[in-house]
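FYI, the numbering just counts along the sequence from 1. Only heavy atoms go into these numbers, but all of them, side chains included; no hydrogens, no water, no symmetry mates. In this text the structure is predicted, and so the values were computed from the model without any measurement.
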Amino acid sequence: MLGRRAQLKVQTATTLHFGQWLNWPDWLRRGTSLACDGPLPRTVSLADDLIIIGNIIDNCDAFALIGKMLAAPRPVMGTAGTLSLLHAPDLGQALRTVVKAIASQNPFVLITFEESEDHIGISLAPPWPMGPLFQFSALTALALVYRAVEALSFADPAEMVLETRICCDPAAQAMLAGFACRKMQSDEAERLRFPSRWQSIQNPDYDPLLWAVAHSKIAAMELSVSEPDELARIRDAIARMLASDHRAPRLKQISNALDISSRTLVRMLARHGTSFHALVEQERKAKARLLIADSGISLAEVARLLGFTDMSSFGRSFRQWFGDTPGNIRRSWQNGSPV
């Protein structure tokens, strides 16, 4: 049912913790394409990721693993999610970014950020019947979100509500006790709701540079599961040349680096609804986000690293990317405005 997406590479962030807690049993890799023993690699195909989840469900107490996530000293998630959680300006922005990170690594579930006047909800539903594969994946994701809220809100967890299809399942009661909030039986999606006013809770550990790094990592994760391989190769070549030469690469340079003709490269990009100029601008904008968030780098140096020969052309491009001047954006990000 995943079709071509089955071979997409995803990070094993949370699964790495599960494997370590289980002491890397032989059955963990059963039926996958992974040959060697011991710890899992940092990335696996989406197909192997789902098979590993199936092996966990078949061979151990999966509810107990989710319970351990809820009791762990820190949220069990990958680098991008952890950076977002620790260094976001406020709880609302942290949650939106964590949800993006979860969605980019779990395209086999439908995750939705719901907002009303009184409540915020994060819900998960299966795209097709998945049985226990969905239930485990959804509760794992909601456990991550719950820990994110718990870590930053310092509020009464009784105001949160977990809606789940297994509310009355005797085998799940010990795990559900780890959610120190109200539980309700759900006949539809798995959902975690909390008061909308919690979104404005400020994070005392906000760091604009690390927050920008988290955004860049999540953007890269989203591209990795949605962008065709040939487009990713071109984008990677542009990013590497921009980083090494500190100037916008030319079409001919990239076509030579990839050993294809300029005409073929242009047709290839047009087939995917984009252009060489658009990709270069996207990569410069992504790099600008990181550089402008680092107050230790002067604006003149930011312009040079992005390949601009003067501040006026840098300022014009920056306003097109972010809607304001570099100086104003840097000051606003330092004060906690959204990246």
Side-chain angles (χ1 to χ4, degrees), residues 2 6 8-86 98-109 111 122 124 126 130-151 162 164-166 169 171-179 190 192 217-218 221 224-225:
L2 284 168
L8 291 172
K9 293 293 184 180
V10 293
Q11 295 182 5
T12 50
T14 303
T15 316
L16 279 175
H17 288 84
F18 292 159
Q20 189 170 43
W21 292 342
L22 295 167
N23 198 27
W24 307 113
D26 292 339
W27 51 256
L28 193 65
R29 300 165 182 263
R30 188 178 301 152
T32 71
S33 64
L34 306 173
C36 56
D37 298 325
L40 296 171
R42 291 289 173 179
T43 61
V44 296
S45 70
L46 192 53
D48 283 343
D49 189 50
L50 279 172
I51 293 169
I52 290 167
I53 293 172
N55 288 338
I56 289 172
I57 294 169
D58 284 345
N59 292 279
C60 73
D61 185 347
F63 286 149
L65 285 181
I66 299 173
K68 193 162 184 173
M69 289 177 62
L70 292 164
R74 64 176 180 83
V76 179
M77 60 179 69
T79 306
T82 302
L83 283 173
S84 301
L85 175 59
L86 294 178
V98 167
V99 165
K100 272 189 171 185
I102 294 172
S104 69
Q105 294 297 286
N106 298 273
F108 46 83
V109 296
I111 183 166
I122 295 166
L124 293 102
M130 293 175 63
L133 275 175
F134 167 73
Q135 195 67 61
F136 179 79
S137 300
L139 286 170
T140 297
L142 290 183
L144 291 174
V145 173
Y146 176 85
R147 290 303 311 276
V149 174
E150 187 180 52
L162 174 67
T164 176
R165 302 180 194 188
I166 60 167
D169 185 344
Q173 295 310 301
M175 178 273 295
L176 290 175
F179 289 93
E190 303 291 311
L192 188 66
K217 281 184 169 290
I218 290 172
M221 287 161 55
S224 70
V225 298

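Here the side chains of T15 and V44 are not in contact, with every heavy-atom distance at 4.5 Å or above. Within the 4.5 Å cutoff, the side chain of R29 has heavy atoms near those of the L40 side chain. At least one side-chain heavy atom of V145 sits less than 4.5 Å from a side-chain heavy atom of I102. Between T140 and F18, the closest side-chain pair of non-hydrogen atoms falls below 4.5 Å. Inter-residue side-chain proximity for Q135 and R165 is flagged as met; some heavy-atom pair is nearer than 4.5 Å. Contact of the L176 side chain with the F63 side chain is not registered, since no non-hydrogen atoms from C-beta on lie closer than 4.5 Å. At least one side-chain heavy atom of L139 sits under 4.5 Å from a side-chain heavy atom of I166.
Contact record, A141 with L124: CB-CD2, 3.8 Å, taken as the closest heavy-atom pair. Minimum heavy-atom separation, G67 to M175: N-CG, 3.8 Å. Across every non-hydrogen atom of A143 and I66, the tightest pair is CB-CG2, 4.1 Å. Heavy-atom minimum distance, S45 versus A6: CB-O, 3.7 Å. Between V109 and S137, the closest heavy-atom pair is CG1-CB, 4.3 Å. For L65 against C60, the heavy-atom pair with the smallest separation is CD1-SG, 4.0 Å.
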May I have the list of side-chain donor-acceptor pairs in residues 20-28 shorter than 3.5 Å, sequence neighbours left out?
none

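Summarising the geometry, atom CG belonging to D49 is positioned 11.0 Å from atom NZ belonging to K9; distances are rounded to the nearest 0.5 Å. Atom CG of L144 sits about 9.0 Å away from atom CG of L70, to the nearest 0.5 Å. Of the inter-residue distances, the one linking I52 atom CD1 with I56 atom CD1 reads 7.5 Å to the nearest 0.5 angstrom. With values rounded to the nearest 0.5 angstrom, F179 atom CZ is found 8.0 Å from T164 atom OG1. Of the inter-residue distances, the one linking M130 atom CE with F136 atom CZ reads 11.5 Å to the nearest 0.5 angstrom.
R30 contributes no side-chain N or O that, together with a main-chain N or O of N55, makes up a donor-acceptor pair within less than 3.5 Å.
The side-chain hydrogen bond (donor to acceptor under 3.5 Å, both in side chains) contacts involving residues 31-43 comprise S33-D48, where partners must be two or more places apart or lie in separate chains.
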